[in-house]
Amino acid sequence: MITPTVNEVITNGVGHIGCVSSNLKPFHADTLGIVCDPEIDEIICFINKSSSKAFLDHLVVGSRTSLFAAVITHESYNLKGTVTELRDVSADEMAVCDKLRQEMYALYNELGISKELAARYWKRTPDIAIVITVDTIFSQTPGPNAGKQL
């Protein structure tokens, strides 16, 4: 289900994950990195606990989630699934997040955005991993296929 193109966007782009409370109020958090195992349609999102407290207050194993991920070319996808695990971030996963952070600093620099300004978002430490089994993917890339299920 998770194609190489979708994998490329979600692991190299900016992600935003959401869930809802028991009374259907939406909550969200910014991802600081994502890894994907397309063989089993699983993604792992890394977020910062302190900047995502409201989101985490409503997220448990079994929660439904929605991940939006996009790259600068506007290619974007929405992946929906179920949380199967909440855990600490491993050293290897931290390295993935650090690599993405450096790539984002370089991209922002090309756009004339200073590292100091970009660090307001990217300098946060990823300290919780959210494991999600993906069951539905939608294209969100602007154009005639936007909103269509893959």
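What's counted below: heavy atoms across the whole structure, side chains too, no hydrogens, waters or symmetry copies.
In plain terms, the two heavy atoms of Gly15 and Tyr121 that are nearest each other are O-OH, 3.9 Å. Pairing each heavy atom of Asp88 with each of Glu93, the nearest pair is O-OE1, 4.2 Å. Arg101 and Arg124 make their closest contact through NH2-O, 3.4 Å (heavy atoms, listed as atom of the first residue, atom of the second, distance). The shortest non-hydrogen separation linking Arg64 to Lys80 is NH2-CB, 4.0 Å. The shortest non-hydrogen separation linking Asn7 to Pro38 is ND2-CG, 4.3 Å. Residue Ile2 comes nearest to Glu42 through the heavy atom pair CD1-N, 4.1 Å, listed as atom of the first residue, atom of the second, then distance.
There is a side-chain donor-acceptor pair under 3.5 Å between Asn23 and Ser21.
Judged by distance alone, the side chain of Thr141 and the main-chain N or O of Ser76 form a donor-acceptor pair under 3.5 Å. Under the 3.5 Å distance criterion, the side-chain polar atoms of Asn78 are left unmatched by any main-chain donor or acceptor of Phe138.
The local environment of CD in Glu39 is sparse, with at most 12 non-hydrogen atoms from other residues, nucleotides or ligands closer than 6.0 Å.
Between the CG atom of Asp37 and the CD1 atom of Ile44 there is a distance of 8.0 Å, given to the nearest 0.5 Å. With rounding to the nearest 0.5 angstrom, the CD1 atom of Ile17 is 6.5 Å from the CD1 atom of Ile43. For the atom pair Tyr105 OH and Glu110 CD, the distance stands at 16.0 Å (nearest 0.5 Å). Gln140 contributes atom CD, which lies 12.5 Å from atom NZ of Lys148 (distance to the nearest 0.5 angstrom). With values rounded to the nearest 0.5 angstrom, His58 atom NE2 is found 7.0 Å from Lys25 atom NZ. Expressed to the nearest 0.5 Å, how far OG of Ser63 lies from CG of Leu86 amounts to 7.5 Å.
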Item to complete: List the steps, then state whether side-chain contact (heavy atoms from CB on, under 4.5 Å) holds for Leu67 with Ile34.
Response: CA-CA 10 Å; Leu67 171 71; Ile34 300 169; 3.8 Å; yes
Practice prompt. Tell me, with the steps shown, if Val14 and Phe68 meet side-chain contact (heavy atoms from CB on, under 4.5 Å).
Written response: CA-CA 8 Å; Val14 177; Phe68 172 82; over 6 Å; no
Worksheet item: Between Asn48 and Asp127, does a side-chain contact (heavy atoms from CB on, under 4.5 Å) hold up when you go through it step by step?
Response: CA-CA 5 Å; Asn48 175 268; Asp127 50 11; 4.0 Å; yes
Discussion item. Applying side-chain contact (heavy atoms from CB on, under 4.5 Å) to Leu32 and Leu100, what does each step give before you reach the verdict?
Written reply: CA-CA 8 Å; Leu32 300 171; Leu100 179 63; over 6 Å; no
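Put simply, the side chain of Asp41 does not reach to within 4.5 Å of the side chain of Asp135, judged on heavy atoms. Residues Ile132 and Leu79 form no side-chain contact, since every pair of their non-hydrogen atoms from C-beta on lies 4.5 Å or further apart. Side-chain contact check for Phe27 versus Leu59: every heavy-atom pair is 4.5 Å or farther apart. At a threshold of 4.5 Å between non-hydrogen side-chain atoms, the residues Ile47 and Leu56 count as touching.
By the rule that hydrophobic residues join a cluster once side-chain heavy atoms approach within less than 4.5 Å of another member, Met1 and Ile10 end up as members of one cluster. Cluster membership check: Phe46 does not share its hydrophobic cluster with Val71, using side-chain heavy-atom separations under 4.5 Å among Ile, Leu, Val, Met, Phe, Trp and Tyr. In the hydrophobic cluster analysis, where Ile, Leu, Val, Met, Phe, Trp and Tyr join through side-chain heavy atoms closer than 4.5 angstrom, Ile128 is grouped together with Phe55. Hydrophobic clustering of Ile, Leu, Val, Met, Phe, Trp and Tyr side chains at less than 4.5 Å, counting indirect connections, unites Val83 with Val134. Taking hydrophobic clusters as Ile, Leu, Val, Met, Phe, Trp and Tyr residues chained together by side-chain heavy-atom distances below 4.5 Å, Leu117 shares a cluster with Leu107.
Ring pair Trp122/Tyr108 is perpendicular by interplanar angle, where above 60° counts as perpendicular and below 30° as parallel.
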